[in-house]
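Each chain gets a letter, A, B and so on, in the order the sequences are listed, and its residues count up from 1. What you see is a predicted model, and the numbers here were worked out from it, not measured in a lab.
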Amino acid sequence: MPTRPARAWRSSLTTSRRDRCSIPPLVVLRHCSGTGRGIESMLSRLYFSIGAALKEVCGQDEVFLADGGAHADLASTVAFSLAKKMRRPPAEIARDIAARLSQRADMEGILIEAAGPYINFQLGPAIQERAIQDATHPGYGSFPPRQERVVLEHTSANPNGPLHVGHIRNTIIGDTLARCLRKAGYPLEVQYYVNDMGRQIAIVVWGFQNIPDNPVPGEKGDHHVARIYIAANRELEKRPECVAEVDRLMQLVESGDPATVRLFRSAVTECLEGFRVTLDRLGAKHDRFVWESDFIRNGDTERVLSKISHMEECRHDGKLWLDLSAFGFAKEYVLRRSDGTSVYAARDLAYHTWKSRNYDRVIDVLGADHKLIGAQLVTTLRLLGERPPEIVHFEFVSLPEGSMSTRAGTFVSADDLLDEVTRRAYGEVASRRPELPEAQKEEIARSVALAAIRYDIVKISPDKSTVFDWKEALDFERQSGPYIQYAHARACSILEKAGTFGFAYAPEDPHELALARHIIRFPLVMENVVRDLKPHILAAYARELADLFNTFYHFVPVLRSEGTARDSRLTLVRATQNTLAEALQALGIVPLATM
RNA sequence: GGGCUUGUGGCUUAGCCAGGAUAGAGCGCCGGGCUUCUAACCCGGAUGUCGAGGGUUCGAAUCCCUCCAGGCCCGCCA
């Protein structure tokens, strides 16, 4: 089984008032092994022991610790459920429990008090100070190296046309998760699975052979391939008799016919070269491109099909398929055509078998259209005794005028999006900072554009389908990537003017305290993101941190304050700047020092 | 038709899996704030039957059931 960390902490997002936090850690001790495996940060260890102490004092098998919101760092509602059992008012029970907890040696430094039926826990000043000290150091939110090898597959778009705004939702979710996993200490390999022998590619190859190709100067390879692919599809609609030629190409490539293999490889390579440029602009890096056809050439597909043919669920009636009806799948899971060629699902099984044997945790980022085939894949891998992937599905992105289709040519390409957003960002930079050298203006514009695009996509929960909106993509204001970058740049500006200062932590103002409390939560957020594979939690966290900092910035003077207050506030600014930088980097956004 | 999924102010959205303190935000709207650490900012105001209806519970946006609406899937495509 994938060594998924124990579900020790809750990640629910109750965004709320400024002094509330969006990432309430909720301890569910029922699921804890007692060793606290997978728990890394000081705060989570602390929360874990609070939960354990509470459990002991209540004599309950499980207790829940929720976000305390504006009231506390953590809160328990255990008094409600005990009230019935003990036939006493909840508030009275809460008072007793709080009193007993406060006396425990292992709760030293934690303020525990009852507020009506709620039991509230607050980190004491000493614990806060230590956490803020951590937050000022580069690498805050990272965890020590782990042994568990992780492979993460994302994007894996078919090489039949450029990446569009639907594909890059995959890229951005995947790349953000990759950055978070690395930050969390996992040895990670990011892979792109190249579907280089599918029907679409056969159509591209057929198009290159049958469609007159008028070169367009400066056209990227992926856009060139799309042009041919779209034209080829139109042609095939007009001349359905040619579909047999496409089938023939697929048979030839699977049988390894050298000339056909070369044609496929050349078309795919041309498209992939274009992808690489786009992925690079998006700040996404793959460690390895894994070619689907390799799993034919190396015999893995044959091996897995042979193993499957001995399974009791296997049916062979011309085609080879699995009957997974016992597992709730009504449809045949076809793996080999009656002409002997394999289908995508078979090659995917071979790929995942390989991943299963070489990694300890397998993660795939796939579109919602892969939900059924993904579930069939997982079921089959279990039957084969292989490690199934954890699949992160994201819903579709459509255009106001309808769904995107490479074949129909109805899509907004990632390249066009990047160009337009960069152009707009340059306009902003040029008007705000006319004195900057040209090269720097361009560099800032590129970073701001990337921040806007990545954040606009990653902030939305993957299970919402969305409609692409230029207005939102070009918004650099609140709840945007540039907004968070701006808060970071403001912090940098203060620090630059401050000169040297000593560490201090003596919050006086409620704004300082609210900011500090949020900074302290960051490691817990990182734990939640890599456990639940939900990058939008990090996006929300970073935005809230920027919100809190901006309010602090507005109300609390830093450079104009004196003595310990100045050192303390500068320390807080440093901690904010560092935490924002760490969070932004995990989101694939450049933490600009000036903008 | 079956399966999966989403439905929260005019628009976009967090919270839902692991039920508890006044349902948080942003855009837009109204009204304020730049001789003061970067106004890509801040403050205040109006705006909500949490799709509808039942149920469970001391307590439901959150869990269960039914229904309605949108998205995706149901190929010897990938």
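Taking the side chain of A:E395 as heavy atoms from C-beta on, and the options B:A21, B:G33, B:U5, the nearest nucleotide is B:U5. Among B:C42, B:C73, B:C76, the nucleotide with an atom closest to any side-chain atom of A:D369 is B:C73. Distances from the side chain of A:K319 to the nucleotides B:C76, B:U12, B:A78 place B:C76 closest. For A:F396, the side-chain atoms get nearest to B:C72 when compared with the rest of B:C77, B:C42, B:C72. Taking only side-chain atoms of A:A368, from C-beta outward, the nucleotide of B:C72, B:C43, B:U13 with the closest atom is B:C72. Checked against B:C27, B:C37, B:G20, the side chain of A:F80 finds its nearest nucleotide in B:G20. Nearest to the side-chain atoms of A:K464 among the listed nucleotides B:G75, B:C72, B:A14 stands B:A14. In this structure, of B:U12, B:A25, B:C37, it is B:A25 that holds the atom nearest to the side chain of A:Q479. Checking B:C76, B:A78, B:C42 against the side-chain heavy atoms of A:T551 singles out B:C42 as nearest. With B:A78, B:C58, B:A21 as the choices, the nucleotide that has an atom nearest any side-chain atom of A:Q200 turns out to be B:A78.
Between the base of B:G20 and the side chain of A:T77 there is a donor-acceptor pair shorter than 3.5 Å. Scanning atom types as modelled, no donor and acceptor separated by under 3.5 angstrom connect the side chain of A:D196 and the base of B:A78.
Aromatic rings from A:F275 and A:F289 are positioned such that their centres are separated by 6.0 Å or more. With ring centers used as reference points, A:F411 lies 6.0 Å or more from A:H167. Note: A:Y351 and A:Y193 meet the aromatic proximity criterion, with ring centroids under 6.0 Å apart.
Of the P atoms belonging to B:G19 and B:C64, the separation is 11 Å, rounded to the nearest Å. For the C1' atoms, the distance from B:C27 to B:C74 is 38 Å, rounded to whole Å. Taking the C1' atoms as reference points, B:A52 lies 15 Å from B:G70, given to the whole Å. Taking the C1' atom of each, B:A61 and B:U6 are spaced 14 Å apart, rounded to whole Å. The same atom, C1', is picked in B:C11 and in B:G48; the two are 14 Å apart, to the nearest Å. Separation of the C1' atoms belonging to B:A23 and B:C67 is 25 Å when rounded to the nearest angstrom. Going from the P atom of B:C50 to that of B:U62 covers 10 Å, rounded to whole Å. B:G26 and B:C42 are spaced 15 Å apart, taking the C1' atom of each and rounding to whole Å.
In this structure, A:R490 forms a cation-pi arrangement with A:Y553, its terminal cationic atom sitting closer than 6.0 Å to the ring centre and no more than 45° off the ring axis.
Dashed line: the shortest gap from a side-chain N or O of A:R347 to OP1 or OP2 of B:A78 is under 4.0 Å. When the side-chain nitrogen and oxygen atoms of A:Y483 are compared with OP1 and OP2 of B:C42, one or more of them lie within a distance under 4.0 Å. Phosphate proximity of B:C42 to A:R490: absent, as no side-chain N or O sits under 4.0 Å from OP1 or OP2. Taking 4.0 angstrom as the limit, A:Y553 places a side-chain polar atom (N or O) nearer than this to OP1 or OP2 of B:A39. In this structure, A:R478 reaches the B:G26 phosphate: one of its side-chain N or O atoms is under 4.0 Å from OP1 or OP2.
A:E292 comes within 4.0 angstrom of the backbone, heavy atoms only, and of no base. In this structure, A:V429 reaches the bases: a heavy-atom distance under 4.0 Å links it to at least one base atom across the strands shown. Looking at heavy-atom distances under 4.0 Å, A:V246 makes no contact with the nucleic acid at all. Residue A:T594 is classed as a base contact, given a heavy-atom separation below 4.0 Å to a base.
For A:R248, the CZ atom counts as loosely surrounded, since its 6.0 Å shell holds 12 or fewer non-hydrogen atoms of other residues, nucleotides or ligands. For A:R337, the CZ atom is densely surrounded, since the number of other residues' heavy atoms within 6.0 Å is greater than 12. Enclosure of atom CD in A:E496 is not indicated, since only 12 or fewer non-hydrogen atoms of other residues, nucleotides or ligands lie within 6.0 angstrom.
Ring-to-base geometry does not place A:Y118 in a stacked arrangement with B:G20 (centre distance under 5.5 Å, plane angle under 30° required).
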